[in-house]
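Structure record follows, encoded as structure tokens.
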Amino acid sequence: SEGAAGTGIKIKHTSHRTLSNVIAHDNVEYGVRVDADSNNITINSSSAYSNGISGFMLTTDDGSSAHDVTLNGCAAYENTFYGVEVNDANNAVISGCTIRGNSVDGIHLDNADRVAITGNMIYNNTTYGVSIDSSSSDSLLVGNVNTGNGTDVGGTGSFSVKDNNL
């Protein structure tokens, strides 16, 4: 998906789907957005870059949230705000991804619970490598390499950090 007026790919009201090898760039808002009662979604080996807001967005719409979404082996870079944004979504996994050079945060959690961030390379993001706001809880950061970010890991939400290279 290239240069869409809003979002490159939007997944809404669906379940048990897998996207692989997607490239979403230069979209006005998001590269790939998963929202509104979408669950059990897996995105493998995909890239989202140079988008106007975020590369990947997991969120809510119409009062129902996305949940049980996995990003595996993806790349998110040079987006205007966030590489990966999880907002009002739960039980997400971000694993084996490269998240770099985003203008605000590499990964941003806002009102997101039970997010596992494992085995990622997160570097050269302007504000935070991983930002977890106060309304987010029970997230886990394991085995990530966080380097060259404004602040590598920060926020006021509840999270556990184990075996990371910060």
Side-chain angles (χ1 to χ4, degrees), residues 1-61 64-110 112 114-126 128-132 136 139-149 164:
S1 169
E2 177 181 358
T7 296
I9 295 173
K10 185 172 185 177
I11 300 168
K12 186 173 183 175
H13 298 295
T14 193
S15 63
H16 302 282
R17 299 285 185 249
T18 299
L19 296 177
S20 296
N21 303 310
V22 169
I23 299 173
H25 63 93
D26 295 300
N27 296 291
V28 172
E29 293 178 343
Y30 306 100
V32 177
R33 180 178 168 138
V34 179
D35 68 13
D37 199 29
S38 293
N39 62 75
N40 295 297
I41 305 296
T42 301
I43 303 171
N44 292 316
S45 303
S46 296
S47 298
Y49 61 91
S50 299
N51 294 290
I53 299 177
S54 299
F56 296 95
M57 170 64 141
L58 315 178
T59 191
T60 187
D61 192 18
S64 57
S65 66
H67 57 90
D68 300 302
V69 178
T70 299
L71 295 179
N72 185 40
C74 293
Y77 56 95
E78 299 172 6
N79 295 290
T80 303
F81 288 91
Y82 312 116
V84 178
E85 182 177 1
V86 183
N87 185 336
D88 292 319
N90 302 309
N91 301 323
V93 176
I94 303 164
S95 180
C97 297
T98 299
I99 302 164
R100 65 169 175 84
N102 297 287
S103 296
V104 181
D105 301 334
I107 299 173
H108 180 80
L109 306 184
D110 183 2
R114 298 171 306 280
V115 177
I117 301 169
T118 64
N120 299 289
M121 297 287 299
I122 306 166
Y123 61 96
N124 296 344
N125 298 287
T126 303
Y128 286 99
V130 178
S131 172
I132 302 173
S136 297
S139 291
L140 178 64
L141 286 74
V142 177
N144 299 289
V145 175
N146 255 318
T147 186
N149 302 294
N164 289 275

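All figures in this text were calculated on a predicted structure; none of them were measured in a lab.
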Original post:
OG1 of T147 to CE of M121: how many Å apart, nearest 0.5 Å?
Top reply: 8.0 Å

Original post:
Can you tell me how far CG of L58 sits from OG1 of T70, rounded to the nearest 0.5 angstrom?
Top reply: 9.5 Å

Original post:
Which residues pass the side-chain contact (heavy atoms from CB on, under 4.5 Å) test with S136, sequence neighbours left out?
Top reply: L109, A112, I132, D133

Subject >> Flag side-chain contact, heavy atom, 4.5 Å: F56 against V34 >> reply: no

**OP:** May I ask you to test the D110-N87 pair for a side-chain heavy-atom distance under 4.5 Å?
**Re:** yes

Original post:
Of the non-hydrogen atoms in A36 and K12, which two are nearest, and what is the gap between them?
Top reply: CB-CG, 3.5 Å

Original post:
Quick one: does N39's side chain have a donor or acceptor within less than 3.5 Å of a partner on S15's backbone?
Top reply: no

Original post:
With no hydrogens and no angle check, is any side-chain donor or acceptor of N144 less than 3.5 Å from a backbone partner on I117?
Top reply: yes

Original post:
Tell me, do T59 and R33 make a side-chain contact under 4.5 Å, heavy atoms counted?
Top reply: yes

Original post:
Do Y123 and T98 have side chains that get closer than 4.5 Å, going by heavy atoms?
Top reply: yes

Original post:
With sequence neighbours left out, what residues match S45 under side-chain contact (heavy atoms from CB on, under 4.5 Å)?
Top reply: N21

Subject >> Exercise: identify the closest heavy-atom pair between G55 and A48 >> reply: O-CB, 3.3 Å

Original post:
Among N146, D105, I122, whose side-chain contact (heavy atoms from CB on, under 4.5 Å) with Y128 holds?
Top reply: D105

**OP:** Mind checking the CG-CD1 spacing from L19 to I9? Nearest 0.5 Å is all I need.
**Re:** 6.0 Å

Original post:
Nearest 0.5 Å, what's the CG-OG1 distance between D35 and T60?
Top reply: 7.5 Å

Subject >> From CA spacing to verdict: side chain to side chain donor-acceptor pair (under 3.5 Å), T80, S103 >> reply: CA-CA 5 Å; T80 303; S103 296; 5.7 Å; no

Subject >> A66 backbone acceptor or donor facing S38 side chain under 3.5 Å >> reply: no

Subject >> Interatomic distance, I53 atom CD1 to E29 atom CD [nearest 0.5 angstrom] >> reply: 4.5 Å

Original post:
Just by distance, do the side chain of N120 and the backbone of I94 share a donor-acceptor pair under 3.5 Å?
Top reply: yes

Subject >> Which residues share a side-chain contact (heavy atoms from CB on, under 4.5 Å) with S20, sequence neighbours left out >> reply: T18, N44

Original post:
Is there any salt bridge (Lys or Arg N to Asp or Glu O under 4.0 Å) pair reaching into residues 75-102, and which pairs are they, with sequence neighbours excluded?
Top reply: E78-R100

Subject >> Set of residues satisfying side-chain contact (heavy atoms from CB on, under 4.5 Å) with respect to N79, sequence neighbours excluded >> reply: N51, A76, N102

Original post:
What are the two closest heavy atoms between C74 and I43, and how far apart are they?
Top reply: SG-O, 3.4 Å

Original post:
Which of these passes side-chain hydrogen bond (donor to acceptor under 3.5 Å, both in side chains) with N149: N124, N125, T126?
Top reply: N125

**OP:** Identify, with sequence neighbours excluded, every residue that meets ring-ring contact (aromatic ring centres under 6.0 Å, His included) alongside F81.
**Re:** none

**OP:** Using distance alone, with no hydrogens and no angle criterion, decide if D68 and N40 have a side-chain donor and acceptor under 3.5 Å apart.
**Re:** no

**OP:** Would you give the length of the straight line joining atom OG of S65 to atom CG of D37, rounded to the nearest 0.5 angstrom?
**Re:** 7.5 Å

